[in-house]
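Have a look at the structure below before the remarks.
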Amino acid sequence: MMNSNEIIDDIANKEYEFGFTTDIEMDIAPPGLNEDIIRFISAKKNEPEWLLEWRLKGFQAFKKLKFPTWQHFELPELDLQSLSYWAAPKQKKQLNSLDEVDPELLATFDKLGISINEQKALTGVAVDVVFDSVSVVTTFKTKLKELGVIFCSFGEAVQEYPDLVKKYLGTVVPASDNVFAALNSAVFSDGSFVYIPKGVRCPMELSTYFRINAQNTGQFERTLIVADDESYVSYLEGCTAPMRDENQLHAAVVEIVALEKAEVKYSTVQNWYPGDKDGKGGIFNFVTKRGICKGANSKISWTQVETGSAITWKYPSVILQGDYSEGEFYSVAVVRNKQIADTGTKIHHIGKGTKSRIISKGISAGHGDNSYRGLVSVGPRAENARNFTQCDSLLIGNQCGSHTFPYIESRNKSAMIEHEATTSKIGEDQIFYLNARGIDTEKAVALIVNGYVKEVLNQLPMEFAVEAQKLLSITLEGSVG
Amino acid sequence: MLTIKNLHAEVEGKKILKGINLEIPKGEIHAIMGPNGSGKSSLASVLAGRDNYEVTEGEVWFNGKNLLEMSPEDRAREGVFLAFQYPVEIPGVSNINFLKTAVNEVRAYKGLPQLEAKEFLKLTKEKQQLVDFNTNLMNRSLNEGFSGGEKKRNEIFQLAMLNPSLAILDETDSGLDIDALRIVSNGVNKLRDAEKSFVVITHYQRLLEYIVPDFVHVLYNGRIIKTGTKELALELEEKGYDWLKEAEHQKESV
């Protein structure tokens, strides 16, 4: 009979299930970061001159910026010169239907459990798949086109809608924002672009699946979402990566612009390879995500479920510029083995009557180290701004860590800011109580964890919530009966 | 139903149970009384399988099966139920979700299909009325913020839902006022039948006025030192435990 500590160890050490690689002929650039490679990428993608210049400016910024030192973990040495900044499946002709896609690639999606066929038929989710930098298939495009919704790869948007891209690119996350954003600006390969026209409520969830396949490539995708006046969109992003002994860098940028009365919901389920149980390998997930509520009464909501990556380091943020605009951040971050997460959000209240809500649930198991870091700032113009923050930590076992770093800066006396925090531990007595009612330890842990994260998972669209719950149960084994 | 033979157990090297012998036939109610620290709650914990107790000697047979070889969850699935002295709070897990999981785990073990939502709710309603359990507590987090009395009533409600063949009530009367005590006891009496046995652990005779036992055992210093009928409880109420303790010490010193 295993005791609960052994089971917890076992659960905490469970192997990564998405650690397969796909053998598809790749088109890979030689390693190294310099102006030539940036010109190479830009040329490969047939980019206009202004975008090449924008990239080169990003590179100039990158050279001046330093790696941050304030994070609550030791930043591993990153040899950015040893990475290759371009990898694309060789077959790259225009695809009209799934039948034309490389069967190996489809098999990969099947292993990921996101059979596109099935998704197309059953869920009505439009999927834009980014597979090592180049968007392969975009489904449902026609249907969306009728409504004027643009949902395509970033590369395609640059060709087809250059004015829109030029107008908004870098307006939320400027190239000089931080070293990883600058790097992304210089070498970003592809990503997704979304534009929702005035008054349109996007009728389906837009979904992108990112997956890192090739060895020694970083993934630098870039997502730009623009929601015009009185529009609505819900956007989903899921990520996995194969198992490698080397660390891989993922430095993405996501920008969201919400105009007057627009609402954008952005959901992420991140399951990059976390490294093995001794902390070897795994993805460095260093991502800059930021949205701006530009128009009055607009709303941006981030929901993230982070179970993967060796290091997760990101703060999806909202700038509440428009009066009475609203920002939300819902997060579940799980660390186990030797995983590290330093995540949270930044909410800037600028307009009057702006509101924000932050719900963060950290789960630490094994030797994992989880930090919540958040900033709520209220500017002098933000009359009657409101914020509510709740950040909870759940510890499983006694070798993990959990930290909370909340920052509050208020420059307006009428602001009301609330912060609640709790730390709890799955106790032996809780597990025994459930055991004594016929529930085994694995299920008991799952029951407690699912109860703990419910408030956040409820924010996810239905099919994604199911996937997220499955992921949590793979990560922590067992599921709710 | 339950046979305990020469049971010895210790916690962190400290001997707590020192040779318990007890036979509980089907359908009977046995009360276990004794002063503080005599090992009453330890006996309950050992029977339920709490893992900080180490059984060093003896056997426990439950319906012909070796109870001590089973995991705590299997004991529960076989039909042993422990009503906790201190029910544990589990935030975020709703009472109803917890119960559904528990009921279905026990059913799966017995090879029965999962209960449909409708059947489950019907069962819930029926048992709720039987033990007079407040509906409002169903959707709340398990025991979180419950009063002492509500927690104990929740234990009895779970007992009704899981319908075990052996129920061990570990000081279920502690912390209850007289009204709550009556409600809890009524619940137990309604659940009483020819197939079910109860072990009622208590300090006070008061509970036994409501739940009338077939036998009363006095536990002292890890052993059962006296067994009698319900009149023994009255005698203990009147005379305390000292006369038994003294007799026991004299025996030891001989």
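Per chain, numbering begins at 1; letters A, B, ... match sequence-line order. Only heavy atoms go into these numbers, but all of them, side chains included; no hydrogens, no water, no symmetry mates.
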Counting only heavy atoms not in [X], do more than 12 fall under 6.0 Å of its [atom1]?
X       : atom1 : result
K355(A) : NZ    : no
F405(A) : CZ    : yes
K190(B) : NZ    : yes

Nearest-0.5 Å distance, [atom1] of residue [X] to [atom2] of residue [Y]:
X       : Y       : atom1 : atom2 : result
S71(B)  : D440(A) : OG    : CG    : 8.0 Å
S45(B)  : F432(A) : OG    : CZ    : 6.0 Å
R75(B)  : N435(A) : CZ    : CG    : 10.5 Å
L447(A) : T101(B) : CG    : OG1   : 5.0 Å

Give, as side chain, backbone, both or neither, the part of [X] having an atom under 4.5 angstrom from any heavy atom of chain A.
X       : value
E78(B)  : neither
I90(B)  : both
L142(B) : side chain
P87(B)  : both

Might you point out which heavy atoms bring V93(B) and I448(A) nearest each other, and give the distance in Å? CG2-CA, 3.8 Å

Exercise: identify the closest heavy-atom pair between A436(A) and A76(B): O-CB, 3.3 Å

Most chain A-contacting option - heavy-atom pairs closer than 4.5 Å, from P164(B), A108(B), S94(B), A102(B): A102(B)

Tell me whether R50(B) is salt-bridged to E428(A), with the criterion being a basic N under 4.0 Å from an acidic carboxylate O. no

Is there a donor-acceptor contact under 3.5 Å from the side chain of Q430(A) to the main chain of E89(B)? yes

Look at the side chain of R437(A) and the backbone N and O of E105(B), then say whether any donor-acceptor pair between them is shorter than 3.5 Å. no

Mind checking whether Y433(A) and F98(B) have parallel, tilted or perpendicular rings, split at 30° and 60°? parallel

